[in-house]
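What follows is a set of notes on a single structure, which appears directly below.
Computed over heavy atoms, backbone and side chain alike; hydrogens, waters and symmetry mates excluded.
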Amino acid sequence: MTNEDLFLQIENLRLKMITVGLSKGFTSAETVKLSERLDRLINLQMGLIEELTA
């Protein structure tokens, strides 16, 4: 998986999380689950960036 792939996944998931948050509330179980997935993707991207710059 490339950094660009992760970036696209992060952006798509971020938009989905915002949409769900606006419709169901930012503390709904679905929004929180999406937020947790988003955190994992961001952590993966940060790890990939660290590997590329090391």
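- Going from atom CD1 of I18 over to atom OG of S23 covers 12.0 Å, rounded to the nearest 0.5 Å.
- More than 12 heavy atoms of other shown residues, nucleotides or ligands fall within 6.0 angstrom of atom CZ in R14.
- Annotation: the span from R40 atom CZ to Q9 atom CD amounts to 12.0 Å, rounded to 0.5 Å.
- Partners of E30 according to the side-chain contact (heavy atoms from CB on, under 4.5 Å) rule, which considers only residues two or more places apart in sequence or in another chain, are V20, K24, S28, L34.
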With a cut-off of 3.5 Å and sequence neighbours excluded, list every side-chain donor-acceptor pair involving residues 42-52.
unit_1, atom_1, unit_2, atom_2, d
N43, ND2, D39, O, 3.3
Q45, NE2, N3, OD1, 3.0

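- Taking both residues in full, the closest heavy atoms of V32 and F26 are given as CG2-O, 4.4 Å, listed atom of the first, atom of the second, then distance.
- At a threshold of 4.0 Å, the pair E36-K33 does not count as salt-bridged, since none of the basic side-chain nitrogens sits closer than that to a carboxylate oxygen.
- Not a single donor-acceptor pair under 3.5 Å links the side chain of T31 to the backbone N or O of T27.
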